[in-house]
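To start, the structure itself, in structure tokens.
The basis for the numbers below is simple: all heavy atoms, side chains too, and nothing from hydrogens, waters or symmetry mates. Quick caveat: nothing in here was measured; it's all calculated off a predicted structure. In what follows, chains carry the letters A, B, and so on, assigned in the order in which the sequence lines appear, proteins first and then strands, with residues in each chain numbered from 1.
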There are 2 protein chains.
Amino acid sequence: MITPHLKKLRLRTDISSEEERVIRDLVGEVRRFKADEVLVHAGEELDRCMLLVEGWLVRSKDLPSGERQVLEIHIPGDFADLHGFTLKRLDHDMASVTDGAVALVSHAALANIIEEHPHLALVYWLSTNIDASVGREMALSLGQRSAISRMAHLFCELHARLKVVGETRGDTFDFPLTQREIAEYLGLTVVHVNRTLQELRRKGLVESENRAITIRDRRGLEAIAEFDPSYLHLEKRVLA
Amino acid sequence: MITPHLKKLRLRTDISSEEERVIRDLVGEVRRFKADEVLVHAGEELDRCMLLVEGWLVRSKDLPSGERQVLEIHIPGDFADLHGFTLKRLDHDMASVTDGAVALVSHAALANIIEEHPHLALVYWLSTNIDASVGREMALSLGQRSAISRMAHLFCELHARLKVVGETRGDTFDFPLTQREIAEYLGLTVVHVNRTLQELRRKGLVESENRAITIRDRRGLEAIAEFDPSYLHLEKRVLA
DNA sequence: CGCTGACTTGACAATATTCAACAGTAGTGG
DNA sequence: CCACTACTGTTGAATATTGTCAAGTCAGCG
């Protein structure tokens, strides 16, 4: 169930078999969710985290005006609200995109394992820091890239991240976000997302049909996105 | 020298006097810098972090097109590239805005103290997670707020953060960013920043004169910014 | 079969950018 | 001390990108 999660971790740093056992024991109750639920509300007091095992989640913030900004997209293997372990209250909602399931991990259990396995504290600290790095690249997109470049970047990033956990089929991957949700992520309107997506199709860069994306011209897509995957930190390092 | 840093930490969680001693001992060499230096380049291998003791730094990313996005603004007391402790290579540059100084802290020293004082591991993990929270609020600004709202939000945030470390004088604070740098942070052009700043002045919300900002109408400014400081996590919590 | 939500299109408007020019200030070197 | 340069801030006019509003199609679902 948490094999994708271990794949993600092992890509970035070595995990001993002892540590693997401990991580596998972390998982308590599994909670299933339906699409479009808010699993955690901003400000709520937390005593556990959610390791996403199936389906997609997003972090999102609402504005008084009713607008919503999606701040991060989570795929299976992601420890979606691990930052809540130290923050204790999130500054954003955790909402589901699809049906799916999370493995619940109590903060107490986490505290225990990092006490006994200090290396895992670094592993998970690294994990939240990589999340933040992804967030910075998104801010770069929102600040400097055009609509078409942002959208291309989104597709490049998700393909790379899904590939790590084995959820791609060649250049194709499931992509369950509606155009409204893409708009909320890219900071654009639905209308403009629709037109921009058509432009990507017209240029022969991607295809999209029933909730899946196929990258037709990777070079072209990466060029328009100015995609450089180094911010994903897809290489191994030695911690402490 | 690192009193502001301790103020910041103590606002969020309790630090024992023993821990304080350990933190004070962390500081090794102090490095002074001039304005507009790049202290750390993206991708560079790191074996130490920088605790900002004087002056302002920014995290920034360059695009092939030559555009620059400022992703975070750092003020004295900030452990500016603490995330580099686990990442080992930053995905962005660390650049100076003003003259100033950083206290250098080797990764080895950090690894030692968190091994001996596991609570401090949580304290600094929290610290990077709060940085990420500030980054998310910025992404919300870039994605959903208008130019004037973003700029108002920037001033509200900086006043709140500077107040924590005792760098405000009532509603006034030093603000050394040029309009070009503000533009790079807000994802706007210099021209538009200039006009937007004039609008804030015309509405009687802020004054700005020789590198300092005075908030003239806090309610009004916060309203236009939709400012809600909860993302700054300015409250105490118990870690582990 | 009638809803509802997702997607699509057209016409128009607002926000922000681009380009070009100029004033003020500080720093530099002759 | 002054001329020179470079940077910062400012303004106007034209343009581009993206948003708004309104309407309509299509598919899935109870």
query = Separation of A:Q179 atom CD from C:dT9 atom P, in whole Å?
reply = 10 Å

task = Considering just the side-chain nitrogens and oxygens of B:N194, establish if one lies under 4.0 Å of OP1 or OP2 belonging to D:dG9.
result = no

Presence of B:R211 side-chain N/O under 4.0 Å of D:dG9 phosphate oxygens OP1/OP2 = yes

task = Compare side-chain N and O positions of A:Q198 against OP1 and OP2 of C:dT9 and report whether any pair is under 4.0 Å apart.
result = yes

query = With a 4.0 Å cut-off, would you call A:E54 and A:R32 a salt bridge?
reply = yes

task = Run the salt-bridge test on B:K61 and A:E137 with the 4.0 Å N-O cut-off and return the result as yes or no.
result = yes

key: d(CG, B:L197; P, D:dG9) in whole Å   = 9 Å

query = Would A:T178 and A:E181 count as having a side-chain donor-acceptor pair, cut-off 3.5 Å?
reply = yes

Taking only N/O atoms, report every protein-nucleotides 13-21 of chain C pair under 3.5 Å with atom names and distance.
| from | atom 1 | to | atom 2 | distance (Å) |
| --- | --- | --- | --- | --- |
| C:dA16 | OP1 | B:A147 | N | 3.0 |
| C:dA16 | OP2 | B:H192 | NE2 | 3.2 |
| C:dA16 | O5' | B:H192 | NE2 | 3.4 |
| C:dT17 | OP1 | B:T189 | N | 3.4 |
| C:dT17 | OP2 | B:T189 | N | 3.1 |
| C:dT17 | OP2 | B:T189 | OG1 | 3.0 |

request  = Using the six-membered ring wherever Trp is involved, compare the ring planes of A:H83 and A:H92 and label them parallel, tilted or perpendicular (cut-offs 30° and 60°).
outcome  = parallel

query = In whole Å, what is the span from the CE atom of A:M151 to the P atom of C:dC7?
reply = 11 Å

ask   = How close or far is atom C1' of C:dG5 from atom CD of A:E181, stated in whole angstroms?
value = 12 Å

ask   = Just how far, in rounded Å, is P of C:dC7 from CD of A:E209?
value = 14 Å

inquiry  = Please determine whether a side-chain nitrogen of the Lys or Arg among A:D81 and A:R59 lies less than 4.0 Å from a carboxylate oxygen of the Asp or Glu.
reply    = no

query = Does the distance from a Lys or Arg side-chain N to an Asp or Glu carboxylate O, for A:D93 and A:R68, drop under 4.0 Å?
reply = no

key: Euclidean distance, atom CD of residue B:E184 to atom P of D:dG9 [Å, nearest integer]   = 12 Å

